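Side chains are part of it too, since the values below use all heavy atoms of this structure and drop only hydrogens, waters and symmetry mates. Throughout, a chain's letter reflects where its sequence line sits, starting with A, and its residues are numbered from 1. Keep in mind it's a predicted model, so treat the numbers as computed, not measured.
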Amino acid sequence: MVSDLMENLKKQISLSLKEGMEKLEKEGFLKAPFPEKIPLSLSVNSQFGDLSTNVALQVKSGKSPIALANILAEGLRKITSVENVEVKEPGFINIFLKRQFFYRLLFSVLKQGDKFGLSRRRKREKVLLEFVSANPTGPLTIAHGRQAALGEAIANVLSANGYQVAKEYYLNDTGVQIDLLGESLLARYREVLTLPFSIPEDGYSGEYLKEMAKDLKEKYQDKLLAKGKDFFSNLATVRIISQIRKDLSDFRVNFDSWFSETKLRQSSSIKNVLAKLKEKGYLYQKGGAFWFKSSLFGDEKDRVLKKSDDTYTYFAPDIGYHQNKYERGYQRLIDLFGPDHDGYVPRLKAALVALGYPVNSLSVLIVQLTTLYQGKKKLQMSTRKGKFITLRELIQEVGADVAKYFFLSRKPQSHLDFDLELAKKNSLENPAYYIQYAYARAESIMKFAREKGISVKRRIKLPWFFLLSEKEEIAILHLLFRFPYLIEAEGKTLEVHPILKFLQELAGNFHSYYAKFRIISEDKDLTRARLLLVKGVRIVLKNGLKLLGISAPEKM
RNA sequence: GCGCCCGUAGCUCAGCUGGAUAGAGCGCUGGACUUCGAAUCCAAAGGUCGCAGGUUCAAAUCCUGCCGGGCGCGCCA
């Protein structure tokens, strides 16, 4: 929840600015209409006050920006919570708030606790977030790990903004790849039975199928040889899916639903979609295949839905799947794709628009690849050849929290260099622990206070807050109030790495503060005041980490 | 060739709905533990924001062109 106090104040300020502009307009100083929404932002730098606006620079007028700003500043000075207003070259208006205002805000943070930063308003809109959706033909790799971490965090941020969000994994559990998987397993099975065998071309030659084959030999000896390819496909898929579920759950990424392509194909969804496209005249036959006129909707060329051999391309069931999402009542769809599916987006959007859904109801986020490094050495990977670092191994090596930290620390569309060596380090070179350490430290201070018999649980007294007067303390207060606005913004941009950046900054300020000042001292009231601040920091660190899916340990 | 992404400090990256002296971590140099956790803190060094134009009172941020790196352009999935 964005603090009501702050919201009300912003409204007052906006209103005052608007009145000022209207007056100037009436007096004929403005050469063009002023913007409907007057810009007002939280200042990043304390020398620019607490809030600032550049309206005076935005409008064309007969007066100089400075003169305009000075006129607007006069109105602002009348607002109760405003301490002072400064006008700076070339025309910025910087607003300084009264300390008391921040103390009230802190009080509100403490009162809200777990809820601070979360939207109180529930939105009607139902959102379906689809991510990972790796083919169940092998273990999840670190590339999937990045998507998993990101998807989970985005879902959390959307929930925090009041959306009803569901996380779904689409299982491509049928088709050519699954056939190849079955054949590959059968080959491995023959191998462990010392029979002649050959892995199909483009088959899966990774180590994991050998393991599975060994297990089959132990349990069934050679009795499975009579079974067909489908049996092996099925068996391999089932086992791999269960491993994928376990890996994700160990990574603390939990899906609300798993959607099976097999079931989709059994339903009439795909047929219906084709019929609908045909009815609208967007389907035609050429060379024995059925084509969708995607070029009518911005795609660079038309696409085949049904091949001349009468089977579907990958595209056809995928349209059926997305249509199905809408049919289940989701108004907004978000897909996380790898960079190799980048060029696929226009045709998918084209299909949905052709079916009558709004173009903006689907957002596709392209998550770039991750390259693993061991120090300076680059590790090459390939799923098919079975050369890769699995998500499982990564979690075992560095832990879920550290892995998530690195995955979330960069924007998704940037290529990620993941240094295993650095991530493994349990030392100060590893930045992953910085935020958690701040949290654990805050936790331990609170514990120390309890042992000393100092409690701030009951009857918080306003005068205590006035003892928070160091500039470091005020700076921390400022940071706390940025949090809800950050969450709100991210609900729109779907970017979560700024949270990490922010928590890093908050943790840093807290560490410095701790090193410079004594929290628990002989001065009881000052101690209480500072403990309240520590509590506020703890709340924001915890809520922020929770959104990212990173744990907040009380001890490390 | 066309499309998408990236190019900012030695390294890895933030900042990019234009704003006030370009930030962080790591690394390097020098300091801080008898007192609430040193996985921390303090100080110092380090940048033609790929290049060239343009728009603007104001450009790392917007527009155009170019250069360098990655990915994609299937009746594959």
#### Entry: F418(A) ring center within less than 6.0 Å of F407(A) ring center
yes
### Task
Figure out the CG/C1' separation between L533(A) and C36(B), and round it to whole Å.
15 Å
### Query
What string of B, S and - do you get for nucleotides 3-9 of chain B, 5' to 3', when a contact is any protein heavy atom under 4.0 Å?
-BSS---
### Task
Determine the interatomic distance between P on A44(B) and the same-named atom on C5(B); round to the nearest Å.
40 Å
Could you write out each protein N or O paired with an N or O of nucleotides 58-62 of chain B at a distance under 3.5 Å?
none

### Query
Do N94(A) side-chain atoms and G49(A) backbone N/O form a donor-acceptor pair below 3.5 Å?
no
### Task
Using a 4.0 Å heavy-atom cut-off across all strands, classify F290(A) as base, sugar-phosphate, or nothing.
nothing
### R441(A) side chain near A38(B) phosphate (N/O to OP1/OP2, under 4.0 Å)
yes
### Query
Does any N or O donor sit under 3.5 Å from an N or O acceptor when you compare the side chain of D419(A) with the base of U12(B)?
no
Donor-acceptor contacts, no H, no angles, side chain residues 525-534 of chain A, under 3.5 Å, sequence neighbours left out:
from    : atom 1 : to      : atom 2 : distance (Å)
D525(A) : OD1    : W464(A) : NE1    : 3.3
D525(A) : OD1    : R528(A) : NH1    : 3.0
T527(A) : OG1    : S521(A) : N      : 3.1
T527(A) : OG1    : S521(A) : O      : 3.2
T527(A) : OG1    : S521(A) : OG     : 3.4
T527(A) : OG1    : D523(A) : O      : 2.8
R530(A) : NE     : E473(A) : OE2    : 3.0
R530(A) : NE     : Y513(A) : OH     : 3.3
R530(A) : NH1    : R518(A) : O      : 2.8

### Task
Could you work out the separation of A45(B) and C26(B) based on their C1' atoms and round it to a whole Å?
15 Å
### Message
Below the 4.0 Å mark, does U12(B) have OP1 or OP2 next to a side-chain nitrogen or oxygen of S409(A)?
### Response
no
### Task
Both distances under 3.5 Å, Watson-Crick or G-U wobble: report the partner of A60(B), or none.
none
### Query
Who does A45(B) pair with, Watson-Crick or G-U, both distances under 3.5 Å?
none
### Task
Using a heavy-atom cut-off of under 4.0 Å over every strand shown, decide if Y314(A) touches base, sugar-phosphate, or nothing.
base
### Task
Tell me which of T53(A) and G508(A) sits closer to the 5' end of RNA chain B, going by the nucleotide each one is nearest to.
T53(A)
### Query
Among the nucleotides C75(B), A77(B), A14(B), which one has an atom lying closest to any side-chain atom of H341(A)?
A77(B)
#### Entry: Residue closer to the 5' end of RNA chain B, H497(A) versus I93(A) (nearest nucleotide)
H497(A)
### Query
Given the rule in the salt bridge (charged side-chain N to carboxylate O under 4.0 Å, His left out) test, do E397(A) and K424(A) qualify, once you have shown the distances and angles that lead to the verdict?
CA-CA 7 Å; E397(A) 288 276 341; K424(A) 259 196 277 189; 3.1 Å; yes
### Task
Figure out the CD/P separation between E490(A) and G15(B), and round it to whole Å.
11 Å
### Query
Mind checking who G68(B) pairs with, Watson-Crick or G-U wobble, both distances under 3.5 Å?
C6(B)
#### Entry: A9(B) to G50(B) separation - C1' atoms, rounded to the nearest Å
15 Å
### Query
Any side-chain N or O of Y437(A) under 4.0 Å from OP1/OP2 of A39(B)?
yes
### Task
Could you tell me whether the phosphate oxygens of A38(B), OP1 or OP2, come under 4.0 Å of any side-chain nitrogen or oxygen in Y434(A)?
no
### Query
Does the N54(A) side chain pair with the main chain of F92(A), one donor and one acceptor, at a distance under 3.5 Å?
no
### Exam field: side chain Q177(A) to backbone T137(A), donor-acceptor pair closer than 3.5 Å
no
### Message
Tell me whether the NZ or CZ atom of R441(A) lies within the 45° cone about the ring axis of Y514(A) and under 6.0 Å from its centre.
### Response
yes
#### Entry: Heavy atoms of other groups near K10(A) NZ, more than 12 under 6.0 Å
yes
### Task
Measure from the side-chain heavy atoms of N94(A) and tell me the nearest of A39(B), A20(B), C36(B).
A20(B)
### Query
How about I476(A) and L468(A): do any of their side-chain heavy atoms sit closer than 4.5 Å?
no
### Message
With a 3.5 Å limit on both atom pairs, tell me what C16(B) is paired to, counting Watson-Crick and G-U wobble, or say none.
### Response
none
### Query
Where the side chain of F48(A) is defined as all heavy atoms beyond and including C-beta, which of A20(B), C36(B), G19(B) is the nearest nucleotide?
A20(B)
### Y170(A): which of D335(A), L264(A), N135(A) passes side-chain contact (heavy atoms from CB on, under 4.5 Å)
L264(A)
### Task
Answer yes or no: side-chain N or O of T313(A) and base N or O of C75(B) forming a donor-acceptor pair under 3.5 Å.
no
### Message
What contact category does A440(A) fall into here, base, sugar-phosphate, or nothing, at under 4.0 angstrom with non-hydrogen atoms?
### Response
base
### Task
Would you indicate, yes or no, if C76(B) has its OP1 or OP2 atom less than 4.0 angstrom from a side-chain nitrogen or oxygen of K307(A)?
yes
### Query
Is the base of G72(B) touched by the side chain of D340(A) through a donor-acceptor pair closer than 3.5 angstrom?
no
### Message
With a 6.0 Å cut-off (strictly less than), is the heavy-atom count around CD of E522(A), excluding the residue itself, greater than 12?
### Response
no
